[in-house]
Number of protein chains: 2
Amino acid sequence: MRDELYESASQLFFLMGHPVRLRILDLLRRGEACVCHLQAALGLPQPYVSQQLRLLREAGLISSRREGLFIYYRLANQQVEELLGKVLGPVEETQPVPGCACPKCQRSFSADFLKEAVR
Amino acid sequence: MRDELYESASQLFFLMGHPVRLRILDLLRRGEACVCHLQAALGLPQPYVSQQLRLLREAGLISSRREGLFIYYRLANQQVEELLGKVLGPVEETQPVPGCACPKCQRSFSADFLKEAVR
DNA sequence: ATAATATATGCAGATTTTTGCATATAGAGC
DNA sequence: GCTCTATATGCAAAAATCTGCATATATTAT
(Lines give C-alpha, C1' and ligand atoms only; values in the text may rest on other atoms or scores of the structure.)
Protein backbone atom coordinates (compact mmCIF):
# COMPACT_ATOMS: atom_id res chain seq x y z
CA MET A 1 0.00 0.00 0.00
CA ARG A 2 2.72 2.41 0.94
CA ASP A 3 4.91 0.79 -1.68
CA GLU A 4 2.53 2.05 -4.34
CA LEU A 5 2.86 5.54 -2.96
CA TYR A 6 6.63 5.34 -3.36
CA GLU A 7 6.21 3.98 -6.85
CA SER A 8 3.87 6.70 -8.04
CA ALA A 9 5.80 9.44 -6.29
CA SER A 10 9.11 8.35 -7.73
CA GLN A 11 7.57 8.10 -11.17
CA LEU A 12 6.34 11.65 -10.82
CA PHE A 13 9.77 12.87 -9.78
CA PHE A 14 11.39 10.79 -12.48
CA LEU A 15 9.34 12.45 -15.20
CA MET A 16 10.12 15.89 -13.82
CA GLY A 17 13.78 14.99 -13.42
CA HIS A 18 14.69 15.57 -17.05
CA PRO A 19 15.73 19.00 -18.32
CA VAL A 20 13.59 18.95 -21.45
CA ARG A 21 10.49 17.56 -19.79
CA LEU A 22 10.88 20.03 -16.95
CA ARG A 23 11.02 22.90 -19.43
CA ILE A 24 7.96 21.61 -21.22
CA LEU A 25 6.06 21.49 -17.96
CA ASP A 26 7.25 24.97 -17.08
CA LEU A 27 6.06 26.27 -20.46
CA LEU A 28 2.67 24.65 -19.93
CA ARG A 29 2.34 26.39 -16.57
CA ARG A 30 1.80 29.56 -18.55
CA GLY A 31 -1.19 28.13 -20.37
CA GLU A 32 -1.93 25.57 -23.02
CA ALA A 33 0.38 25.29 -25.99
CA CYS A 34 0.55 23.35 -29.24
CA VAL A 35 3.45 21.13 -30.17
CA CYS A 36 4.81 23.58 -32.70
CA HIS A 37 4.95 26.19 -29.97
CA LEU A 38 6.95 23.98 -27.63
CA GLN A 39 9.11 22.88 -30.51
CA ALA A 40 9.98 26.46 -31.41
CA ALA A 41 10.46 27.54 -27.82
CA LEU A 42 12.79 24.66 -27.03
CA GLY A 43 14.59 24.55 -30.36
CA LEU A 44 14.21 20.79 -30.59
CA PRO A 45 12.97 18.49 -33.37
CA GLN A 46 9.23 17.87 -33.42
CA PRO A 47 9.34 14.05 -33.04
CA TYR A 48 11.52 14.49 -30.00
CA VAL A 49 9.10 16.89 -28.38
CA SER A 50 6.16 14.64 -29.20
CA GLN A 51 7.85 11.71 -27.57
CA GLN A 52 8.43 13.53 -24.32
CA LEU A 53 4.84 14.75 -24.46
CA ARG A 54 3.66 11.20 -24.82
CA LEU A 55 5.48 10.14 -21.67
CA LEU A 56 3.99 13.02 -19.75
CA ARG A 57 0.53 12.34 -21.16
CA GLU A 58 0.56 8.61 -20.48
CA ALA A 59 1.46 9.32 -16.87
CA GLY A 60 -1.37 11.82 -16.55
CA LEU A 61 0.78 14.89 -15.92
CA ILE A 62 -0.62 16.65 -18.95
CA SER A 63 -3.62 16.31 -21.24
CA SER A 64 -4.39 17.41 -24.74
CA ARG A 65 -7.20 18.85 -26.83
CA ARG A 66 -7.44 18.86 -30.58
CA GLU A 67 -8.53 21.94 -32.48
CA GLY A 68 -8.36 21.35 -36.19
CA LEU A 69 -4.81 20.59 -37.14
CA PHE A 70 -3.39 21.72 -33.83
CA ILE A 71 -3.23 19.81 -30.60
CA TYR A 72 -3.03 21.89 -27.47
CA TYR A 73 -1.41 20.51 -24.36
CA ARG A 74 -1.97 21.65 -20.81
CA LEU A 75 -1.06 20.65 -17.27
CA ALA A 76 -3.48 18.13 -15.80
CA ASN A 77 -2.07 17.64 -12.35
CA GLN A 78 -2.36 20.07 -9.49
CA GLN A 79 0.58 18.55 -7.64
CA VAL A 80 2.89 19.14 -10.58
CA GLU A 81 2.03 22.82 -10.58
CA GLU A 82 2.79 23.08 -6.88
CA LEU A 83 6.09 21.26 -7.24
CA LEU A 84 7.10 23.47 -10.14
CA GLY A 85 6.26 26.55 -8.14
CA LYS A 86 8.35 25.33 -5.23
CA VAL A 87 11.41 24.62 -7.33
CA LEU A 88 11.23 27.08 -10.21
CA GLY A 89 9.44 29.94 -8.51
CA PRO A 90 6.39 31.81 -9.78
CA VAL A 91 5.20 31.46 -13.36
CA GLU A 92 7.15 33.55 -15.84
CA GLU A 93 5.39 35.71 -18.35
CA THR A 94 4.61 34.19 -21.69
CA GLN A 95 6.73 35.46 -24.50
CA PRO A 96 5.62 35.04 -28.10
CA VAL A 97 7.80 32.55 -29.90
CA PRO A 98 8.91 33.27 -33.46
CA GLY A 99 8.79 30.19 -35.61
CA CYS A 100 5.49 28.90 -34.28
CA ALA A 101 2.68 28.96 -36.81
CA CYS A 102 -0.31 28.23 -34.61
CA PRO A 103 -3.20 30.73 -34.41
CA LYS A 104 -2.40 31.59 -30.81
CA CYS A 105 1.13 32.67 -31.63
CA GLN A 106 0.00 34.56 -34.69
CA ARG A 107 -2.39 36.46 -32.49
CA SER A 108 0.28 37.40 -30.00
CA PHE A 109 2.50 38.50 -32.82
CA SER A 110 -0.24 40.78 -34.12
CA ALA A 111 -0.59 42.26 -30.68
CA ASP A 112 3.12 42.92 -30.65
CA PHE A 113 3.02 44.53 -34.02
CA LEU A 114 0.28 46.81 -32.77
CA LYS A 115 2.39 47.81 -29.81
CA GLU A 116 5.29 48.51 -32.11
CA ALA A 117 3.06 50.63 -34.37
CA VAL A 118 1.87 52.75 -31.46
CA ARG A 119 5.40 53.82 -30.52
CA MET B 1 21.11 31.71 -16.16
CA ARG B 2 17.64 30.18 -16.25
CA ASP B 3 19.19 27.15 -17.90
CA GLU B 4 21.12 26.48 -14.73
CA LEU B 5 17.90 26.60 -12.77
CA TYR B 6 16.44 23.92 -15.01
CA GLU B 7 19.60 21.88 -14.66
CA SER B 8 19.71 21.97 -10.88
CA ALA B 9 15.97 21.48 -10.52
CA SER B 10 15.90 18.49 -12.84
CA GLN B 11 18.88 17.00 -11.04
CA LEU B 12 17.00 17.32 -7.77
CA PHE B 13 13.93 15.66 -9.22
CA PHE B 14 16.07 13.03 -10.87
CA LEU B 15 17.60 11.99 -7.57
CA MET B 16 14.20 11.84 -5.92
CA GLY B 17 12.77 9.96 -8.90
CA HIS B 18 14.08 6.59 -7.85
CA PRO B 19 12.13 4.29 -5.53
CA VAL B 20 15.03 3.35 -3.30
CA ARG B 21 16.48 6.86 -3.04
CA LEU B 22 13.02 8.22 -2.33
CA ARG B 23 12.55 5.74 0.48
CA ILE B 24 15.92 6.61 1.93
CA LEU B 25 15.00 10.28 1.93
CA ASP B 26 11.66 9.49 3.51
CA LEU B 27 13.38 7.49 6.25
CA LEU B 28 15.78 10.36 6.90
CA ARG B 29 12.83 12.74 7.31
CA ARG B 30 12.21 10.98 10.62
CA GLY B 31 15.67 11.81 11.91
CA GLU B 32 19.23 10.83 11.29
CA ALA B 33 20.04 7.21 10.66
CA CYS B 34 23.11 5.08 10.17
CA VAL B 35 23.70 2.94 7.12
CA CYS B 36 22.92 -0.28 8.94
CA HIS B 37 19.56 1.14 9.91
CA LEU B 38 18.65 2.03 6.33
CA GLN B 39 20.00 -1.28 5.16
CA ALA B 40 17.79 -3.20 7.57
CA ALA B 41 14.74 -1.03 6.92
CA LEU B 42 15.01 -1.40 3.16
CA GLY B 43 16.17 -4.99 3.10
CA LEU B 44 18.91 -4.20 0.64
CA PRO B 45 22.62 -5.03 0.57
CA GLN B 46 24.89 -2.55 2.32
CA PRO B 47 27.06 -1.60 -0.67
CA TYR B 48 23.94 -0.82 -2.63
CA VAL B 49 22.61 1.48 0.06
CA SER B 50 25.98 3.19 0.41
CA GLN B 51 26.10 3.87 -3.30
CA GLN B 52 22.72 5.57 -3.33
CA LEU B 53 23.78 7.52 -0.25
CA ARG B 54 26.85 8.70 -2.07
CA LEU B 55 24.79 10.06 -4.96
CA LEU B 56 22.53 11.91 -2.54
CA ARG B 57 25.48 13.21 -0.55
CA GLU B 58 27.48 14.41 -3.55
CA ALA B 59 24.46 16.38 -4.70
CA GLY B 60 24.05 17.95 -1.28
CA LEU B 61 20.65 16.45 -0.48
CA ILE B 62 21.97 14.74 2.63
CA SER B 63 25.00 15.05 4.86
CA SER B 64 26.72 12.73 7.27
CA ARG B 65 28.39 12.71 10.63
CA ARG B 66 30.70 10.09 12.01
CA GLU B 67 30.37 8.76 15.54
CA GLY B 68 32.86 6.04 16.21
CA LEU B 69 32.20 3.20 13.84
CA PHE B 70 28.81 4.51 12.76
CA ILE B 71 28.06 7.16 10.22
CA TYR B 72 24.77 8.95 10.65
CA TYR B 73 23.04 10.49 7.66
CA ARG B 74 20.47 13.28 7.73
CA LEU B 75 18.60 15.51 5.30
CA ALA B 76 20.57 18.62 4.41
CA ASN B 77 18.14 20.39 2.12
CA GLN B 78 15.04 22.22 3.19
CA GLN B 79 13.50 22.02 -0.27
CA VAL B 80 13.72 18.24 -0.27
CA GLU B 81 11.77 18.07 2.98
CA GLU B 82 9.06 20.28 1.55
CA LEU B 83 8.82 18.27 -1.66
CA LEU B 84 8.62 15.03 0.28
CA GLY B 85 5.87 16.45 2.44
CA LYS B 86 3.91 17.50 -0.60
CA VAL B 87 4.11 14.13 -2.29
CA LEU B 88 4.31 11.63 0.55
CA GLY B 89 2.33 13.48 3.17
CA PRO B 90 3.35 14.12 6.77
CA VAL B 91 6.25 12.28 8.35
CA GLU B 92 5.42 8.79 9.51
CA GLU B 93 6.38 7.63 12.94
CA THR B 94 9.71 5.95 13.33
CA GLN B 95 9.50 2.25 13.91
CA PRO B 96 12.42 0.37 15.39
CA VAL B 97 14.00 -1.87 12.83
CA PRO B 98 15.08 -5.34 13.84
CA GLY B 99 18.41 -6.26 12.36
CA CYS B 100 20.06 -2.92 12.97
CA ALA B 101 22.86 -3.00 15.49
CA CYS B 102 23.49 0.69 16.01
CA PRO B 103 23.18 2.21 19.50
CA LYS B 104 20.13 4.21 18.50
CA CYS B 105 18.18 1.15 17.46
CA GLN B 106 19.29 -0.77 20.52
CA ARG B 107 17.91 2.03 22.61
CA SER B 108 14.55 2.00 20.88
CA PHE B 109 14.38 -1.72 21.29
CA SER B 110 14.92 -1.35 25.00
CA ALA B 111 12.09 1.17 25.12
CA ASP B 112 9.85 -1.30 23.37
CA PHE B 113 10.77 -4.03 25.72
CA LEU B 114 9.83 -1.75 28.59
CA LYS B 115 6.46 -1.06 27.03
CA GLU B 116 5.91 -4.78 26.56
CA ALA B 117 6.83 -5.41 30.17
CA VAL B 118 4.31 -2.86 31.42
CA ARG B 119 1.39 -4.59 29.71
C1' DA C 1 -8.72 12.30 -54.48
C1' DT C 2 -4.58 14.79 -53.85
C1' DA C 3 -1.62 17.84 -51.43
C1' DA C 4 -0.06 20.06 -47.51
C1' DT C 5 0.52 20.64 -42.61
C1' DA C 6 0.66 19.33 -37.59
C1' DT C 7 1.44 15.72 -34.83
C1' DA C 8 2.29 10.76 -33.55
C1' DT C 9 4.62 6.45 -33.73
C1' DG C 10 8.30 2.90 -34.45
C1' DC C 11 12.77 1.54 -34.31
C1' DA C 12 17.67 1.27 -33.40
C1' DG C 13 22.26 2.87 -31.94
C1' DA C 14 24.54 5.42 -28.33
C1' DT C 15 24.80 6.58 -23.79
C1' DT C 16 23.46 6.21 -18.75
C1' DT C 17 21.85 4.17 -15.03
C1' DT C 18 21.07 0.22 -12.26
C1' DT C 19 22.44 -3.51 -9.70
C1' DG C 20 25.39 -6.91 -7.71
C1' DC C 21 29.53 -8.27 -5.98
C1' DA C 22 34.39 -8.17 -4.51
C1' DT C 23 37.32 -5.54 -2.09
C1' DA C 24 39.15 -1.40 0.36
C1' DT C 25 39.10 1.85 4.22
C1' DA C 26 38.51 3.51 8.87
C1' DG C 27 37.75 3.33 13.67
C1' DA C 28 37.38 0.42 18.13
C1' DG C 29 39.04 -2.97 21.10
C1' DC C 30 42.33 -6.50 22.33
C1' DG D 1 50.52 -4.90 16.02
C1' DC D 2 45.97 -7.69 14.82
C1' DT D 3 40.92 -8.43 14.48
C1' DC D 4 36.38 -7.12 14.10
C1' DT D 5 32.72 -4.25 12.52
C1' DA D 6 30.56 -0.42 9.84
C1' DT D 7 30.92 1.81 5.80
C1' DA D 8 32.96 3.16 1.23
C1' DT D 9 34.72 2.36 -3.27
C1' DG D 10 35.61 0.11 -7.81
C1' DC D 11 34.22 -2.41 -11.51
C1' DA D 12 31.42 -4.76 -14.87
C1' DA D 13 27.25 -6.92 -16.74
C1' DA D 14 22.44 -6.00 -17.44
C1' DA D 15 18.78 -2.96 -18.08
C1' DA D 16 16.86 1.27 -19.01
C1' DT D 17 16.80 5.67 -21.09
C1' DC D 18 18.05 9.10 -24.52
C1' DT D 19 18.15 10.73 -28.98
C1' DG D 20 17.67 10.95 -33.86
C1' DC D 21 15.51 9.73 -37.88
C1' DA D 22 12.16 7.66 -41.04
C1' DT D 23 7.59 7.15 -41.56
C1' DA D 24 2.59 6.99 -40.30
C1' DT D 25 -1.74 9.31 -39.11
C1' DA D 26 -5.19 12.87 -39.05
C1' DT D 27 -7.23 17.02 -40.52
C1' DT D 28 -7.87 20.82 -43.75
C1' DA D 29 -7.96 22.79 -48.24
C1' DT D 30 -7.89 22.49 -53.18
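Here is how names work: the chains are called A, B, and so on, in the same order as the sequence lines, proteins then strands, and each is numbered from 1.
When hydrophobic clusters are built by joining Ile, Leu, Val, Met, Phe, Trp and Tyr residues whose side-chain heavy atoms come closer than 4.5 Å, directly or via intermediates, A:Ile71 is grouped together with A:Leu42. A:Val80 and B:Leu5 end up in the same hydrophobic cluster when Ile, Leu, Val, Met, Phe, Trp and Tyr side chains are linked at under 4.5 Å.
Within the structure, every side-chain polar atom (N or O) of B:Arg21 is placed at least 4.0 Å from both OP1 and OP2 of C:dT17. The side chain of B:His18 contributes an N or O atom lying less than 4.0 Å from OP1 or OP2 of C:dT19. Contact annotation: A:Arg57 side-chain N/O to C:dT9 OP1/OP2 distance is under 4.0 Å.
Of the inter-residue distances, the one linking B:Asp26 atom CG with A:Ser10 atom OG reads 11.5 Å to the nearest 0.5 angstrom.
When each of C:dT19, D:dT19, C:dT17 is scored by its nearest atom to the side-chain atoms of A:Gln52, the top-ranked nucleotide is D:dT19. Closest to the side chain of B:Pro47, out of D:dA6, C:dA6, C:dC21, is C:dC21. Listed nucleotides D:dT5, D:dC18, C:dT5 differ in distance to A:Leu69; the shortest reach to its side chain belongs to C:dT5. Out of D:dG10, D:dT19, C:dT5, the shortest distance to the side chain of B:Arg54 is found at D:dG10.
The NE2 atom of B:His37 sits 19 Å away from the C1' atom of D:dT5 (whole-angstrom rounding). Between the CZ atom of B:Arg65 and the P atom of D:dA6 there is a distance of 17 Å, rounded to whole Å. Counting to the nearest Å, the C1' atom of D:dT27 and the OH atom of A:Tyr72 are 14 Å from each other. Distance, B:Tyr48 OH to D:dT7 C1': 17 Å, rounded to whole Å. Look at CD on B:Gln51: it is 14 Å from C1' on D:dA13, rounded to the nearest Å. For the pair B:Glu67 CD and D:dT7 P, the interatomic distance rounds to 11 Å; values are reported in whole Å. Here the C1' atom of nucleotide D:dC18 and the CG atom of A:Leu22 are 17 Å apart, to the nearest Å. The nearest whole Å value for the distance from the CG atom in A:Leu56 to the P atom in D:dT17 is 14 Å.
Position along DNA chain D of the nearest nucleotide to B:Ser50 versus A:Arg66 favours B:Ser50 as the more 5'-ward residue.
Evaluation of atom-type donor-acceptor distances gives no pair under 3.5 Å for the side chain of A:Gln46 against the base of C:dA6.
Counting any heavy atom pair closer than 4.0 Å across all strands shown, B:Pro45 reaches no nucleic acid atom.
For B:Arg2 (side chain) and B:Glu4 (main-chain N/O), no donor-acceptor pair under 3.5 Å exists by modelled atom type. Formation of a donor-acceptor pair under 3.5 Å by the B:Gln79 side chain with backbone atoms of A:Lys86 is found in this model.
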